[in-house]
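Down below is the structure, laid out as structure tokens.
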Number of protein chains: 2
Amino acid sequence: MSGENEENEALQASSDSLRRPIRSDAKRNTDALLAAALAVFSISGVDAPVREIVETAGVGIGTLYRHFPQRADLIAAVFRREVDACADAAPALMETLNPADALAAWLQRYTDFIAAKRGLAPALHSGDPAYATLHGYFQSRLEPVLQKLLDTAVLAGAVRSDVDANDLLRTVANLCMSANGTDFSLARRMVDLIVDGLRYGAHGKA
Amino acid sequence: MSGENEENEALQASSDSLRRPIRSDAKRNTDALLAAALAVFSISGVDAPVREIVETAGVGIGTLYRHFPQRADLIAAVFRREVDACADAAPALMETLNPADALAAWLQRYTDFIAAKRGLAPALHSGDPAYATLHGYFQSRLEPVLQKLLDTAVLAGAVRSDVDANDLLRTVANLCMSANGTDFSLARRMVDLIVDGLRYGAHGKA
DNA sequence: TATTATACGGAACAACGTTCCGTTTGTCAA
DNA sequence: TTGACAAACGGAACGTTGTTCCGTATAATA
């Protein structure tokens, strides 16, 4: 369903140093860090101290920074799979539902994903250049998907045409900004309200 | 127009220690800190380092913490006036515009206020207990105003009835979360979209 | 087994918010 | 005017963050 990322999570350098495969201890520690990060993030949120993660993983701080030079690289690695799953959920919705409902359903899917990760939304939109690659991955993966959903709905005359995919992605993330990690009902309701706004514009005005 | 806070910004203890008025140097330093904070916030955002503020004000760190025991107390003091102004803007709008447009206009007013203060929205919704009083002041001052706008619009049949004031306040603040301080066009557009969603519900469904 | 690129671990650094306390100063009674 | 003292001042110092650096350990190869 995915199409392009065939499970080569830990791809080694492909161009020059194709000598020397990944050392076994490096692989082991990388895995331990990813597992620890996933666990710690789900308890303390994405802002959890680095030391808490390395302690959980049972490795030194230096090891963390060797494998993930920036804090955001660790976050990106942890959530890559889930971003992909979110993107891959679109086609099924488009086959099952009418264009406007498919759009609404996918946005709720995305809402649930972001809202469940406490601290993710603030990090994505902090403007901190450290999170640029994380933000870039989200955008490159999700923007085309949402754009297609939008285009289809606009073509069907179900939705206004003056909103673009990136704006919507940013907006949903913003709406999830204050979700505790457990209560995203407000975010869900507000996303629905926005979808209604999109519908209103289709025949109402502009 | 305000009605209750008659410029007693620096009220001294009213109950017990009514002995000893405020010392002149204390008053001077408090004013300097407020002015410096306002200036620094507008340049570096609400997250600006404390040391930058005390340096600008020309006082020591200890002095800052004497007058504003928590960082949020300083923020609250700086923005109190503006929160009041925002709340006080409602009656005029309600006289001039129809209920739905008055609601929309006031929400845009609030949007501009929050979006212009970089870092304010994240602070308000950080969940950090340090910001509880700041959040409390915003809510106590703005919630009644917005509730009245909402009630009026609902009564006129211009807007759906299943959204409450606090949710809307939180939502708008969330939408402003990623505003740089200069570009709030996205936030404005999304607030408009939400207002359209409110209108859609009035006759469409729900 | 010897060699060596690679990875490891944690001390150390810089920046932050906040606390603490010895020193200074404004105010008021004498 | 002067003395005394509550009040306020300033900044060193603490605890916590993310990140860097480098001496040491080790997995892979010849």
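Everything numeric in this text was worked out from a predicted model, so none of it was measured. Residue numbers start from 1 in every chain, and the chains themselves are labelled A, B, ... in the order their sequence lines are given, proteins ahead of strands.
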Next item on the list: Output all residues satisfying side-chain hydrogen bond (donor to acceptor under 3.5 Å, both in side chains) with B:R28, sequence neighbours left out; order by chain, then residue number.
Entry: none

Margin query: Which residues pass the side-chain hydrogen bond (donor to acceptor under 3.5 Å, both in side chains) test with B:S185, not counting sequence neighbours?
Written below: B:D183

Margin query: Once side-chain hydrogen bond (donor to acceptor under 3.5 Å, both in side chains) is applied, do any residues pair with A:D25, and if so which ones, sequence neighbours excluded?
Written below: A:R23

Margin query: By the salt bridge (Lys or Arg N to Asp or Glu O under 4.0 Å) test, which pairs, at least two apart or in different chains, include something from residues 166-182 of chain B?
Written below: A:R189-B:D167

Margin query: Using only atom types and a distance under 3.5 Å, with no angle test, would you say the side chain of B:W106 pairs donor to acceptor with the backbone of B:C86?
Written below: yes

Checklist line | Inter- and intrachain pairs under salt bridge (Lys or Arg N to Asp or Glu O under 4.0 Å), touching residues 99-123 of chain B, at least two apart | finding: B:E82-B:K117, B:D101-B:R199, B:D112-B:R188

Please list, one pair per line, the donor and acceptor atoms closer than 3.5 Å that link side chains of residues 58-67 of chain B to other protein atoms, with sequence neighbours excluded.
| residue | atom | partner | partner atom | Å |
| --- | --- | --- | --- | --- |
| B:H67 | ND1 | B:T30 | OG1 | 3.4 |

Next item on the list: Check whether any side-chain N or O of A:N29 sits under 4.0 Å from OP1 or OP2 of C:dC8, and answer yes or no.
Entry: yes

Note to self: Among residues 58-73 of chain A, which ones have heavy-atom contacts with DNA chain D below 4.0 Å?
What the structure shows: A:I61, A:Y65, A:R71

Notebook entry, point to check: Quick one: side-chain hydrogen bond (donor to acceptor under 3.5 Å, both in side chains) partners of B:D151, sequence neighbours excluded?
Noted result: B:Q147

Expected list for residues 33-55 of chain B: side-chain donor-acceptor pairs under 3.5 angstrom, two or more places apart:
| residue | atom | partner | partner atom | Å |
| --- | --- | --- | --- | --- |
| B:S42 | OG | B:A39 | O | 2.8 |
| B:S44 | OG | B:E52 | OE2 | 3.1 |

Notebook entry, point to check: By side chain to side chain contact (heavy atoms under 4.5 Å, CB included), which residues pair with A:V154, not counting sequence neighbours?
Noted result: A:V159, A:S161

Checklist line | Sub-4.0 Å heavy-atom contacts from residues 45-54 of chain B onto DNA chain D, ordered by number | finding: B:R51

Note to self: Each nucleotide in nucleotides 22-27 of chain C should get exactly one letter: B, S or -. Can you fill that in based on protein heavy atoms under 4.0 Å?
What the structure shows: ---BSS

